[in-house]
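Here the structure is a predicted model, which is why all the values come from computation and not from measurement.
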2 protein chains.
Amino acid sequence: MTSIIGPNGTFTTETGVTDRLLTPTEVARFFGVDPKTVTRWSRTGRIPSVRTPSGQLRYRESEVRALLNGG
Amino acid sequence: MTSIIGPNGTFTTETGVTDRLLTPTEVARFFGVDPKTVTRWSRTGRIPSVRTPSGQLRYRESEVRALLNGG
DNA sequence: TCGAAGTAGGGTAATTAGGGGC
DNA sequence: TCTGTCCTAATTACCCTACTTC
């Protein structure tokens, strides 16, 4: 998986689509669940996630949308 | 470790590998956090950084990529 | 030289991870 | 099995002002 860090810190994939990272709370609002549930989804592999150097979880907006659309 | 700062903000090592320097905002967007948080990571030693003569922080793209892939 | 944007500090409130129990 | 809630410690976001960069 190749990605490019853009001039503004954006995250660009091979397809040229600019992506951004969402917090657990933001993802929780999308699905109407508790942020803790989103965290559990990460541990069980139900949703892809990225960890900050300190260990907190972030989620790619494109993947969240894909799950919402019947991933 | 000897290195040369290029005209476009590039960073060239002895191995000839060009490494771009990223601003706190760019790194912040890449990890989905506040730029202030990236600055904090520098002080706590979670991410290697380079300081400009005036004291501002910059980060090597290769280091950021390494951290994103699990440090 | 001017204005807009970004950054470094500090201080405080909010969020998160993790475990445990329901 | 899955989820929401309670707890603590750690981490982060947002507020401000002054300085730097473009």
A/T44: partners by side-chain hydrogen bond (donor to acceptor under 3.5 Å, both in side chains), with sequence neighbours left out =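 side-chain hydrogen bond (donor to acceptor under 3.5 Å, both in side chains) check on A/T44 returns nothing, list empty.
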Can you list the residues that meet the side-chain hydrogen bond (donor to acceptor under 3.5 Å, both in side chains) rule with B/R46, with sequence neighbours excluded?
->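 So B/R46 forms no side-chain hydrogen bond (donor to acceptor under 3.5 Å, both in side chains) with any residue.
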So which pairs with a foot in residues 24-40 of chain A pass side-chain hydrogen bond (donor to acceptor under 3.5 Å, both in side chains), sequence neighbours left out?
->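 Qualifying pairs: A/T23-A/E26.
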Kindly compute the distance separating CG (A/L21) from CZ (A/R58), expressed to the nearest 0.5 Å.
->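 The CZ atom of A/R58 is 8.0 Å from CG of A/L21, to the nearest 0.5 Å.
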What pairs of nitrogen or oxygen atoms, one from the protein and one from nucleotides 18-22 of chain D, lie under 3.5 Å apart?
unit_1	atom_1	unit_2	atom_2	d
D/dT20	O3'	B/S54	OG	3.1
D/dT21	OP1	B/S54	OG	3.1

For A/L22 and D/dT12, what is the distance between atoms CG and P respectively, to the nearest whole Å?
->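 That distance rounds to 17 Å.
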Give the rounded distance in Å between these two atoms: CG of A/L57 and C1' of D/dA10.
->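 For the pair A/L57 CG and D/dA10 C1', the rounded distance is 14 Å.
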Strictly below 4.0 Å, heavy-atom distances to any atom of DNA chain C: list the hits from residues 31-39 of chain A, or just say none.
->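 Within this stretch, A/K36, A/T39 sit under 4.0 Å of the strand.
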Residue whose closest nucleotide on DNA chain C lies nearer the 5' end, A/P24 versus A/R40 =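 With A/P24 and A/R40 compared, the 5'-side residue is A/P24.
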Considering just the side-chain nitrogens and oxygens of B/W41, establish if one lies under 4.0 Å of OP1 or OP2 belonging to D/dT11.
->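 False: B/W41 side-chain N/O out of range (4.0 Å or more) of D/dT11 OP1/OP2.
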Can you name the one residue among A/V38, A/L57, A/V27 that meets side-chain contact (heavy atoms from CB on, under 4.5 Å) with A/L22?
->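 Checked A/V38, A/L57, A/V27 against A/L22; only one passes side-chain contact (heavy atoms from CB on, under 4.5 Å): A/V27.
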How would you label the contact of A/R51 with the nucleic acid (heavy atoms, under 4.0 Å): base, sugar-phosphate, or nothing?
->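 If one applies the 4.0 Å heavy-atom cut-off, A/R51 turns out to touch the sugar-phosphate alone, with no base involved.
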Determine the contact category for A/R43: base if any of its heavy atoms lies under 4.0 Å from a base atom, sugar-phosphate if only primed atoms, P, OP1 or OP2 are that close, otherwise nothing.
->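 If one applies the 4.0 Å heavy-atom cut-off, A/R43 turns out to touch nothing in the nucleic acid.
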Report yes if some heavy atom in the side chain of A/R60 is under 4.5 Å from a heavy atom in the side chain of A/V50; otherwise report no.
->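 Yes, close enough: below the 4.5 Å cut-off.
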Donor-acceptor pairs under 3.5 Å, side chain of residues 63-71 of chain A to any protein atom, not counting sequence neighbours: which ones?
unit_1	atom_1	unit_2	atom_2	d
A/R65	NE	A/E61	OE2	3.4
A/R65	NH2	A/E61	OE2	2.8
A/N69	ND2	A/R65	O	3.2

Among pairs that include at least one residue of residues 36-64 of chain A, which meet ring pair (Phe, Tyr, Trp, His ring centres under 6.0 Å), considering only residues two or more places apart or in two chains?
->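 Pairs touching residues 36-64 of chain A that pass the test: A/F31-A/W41.
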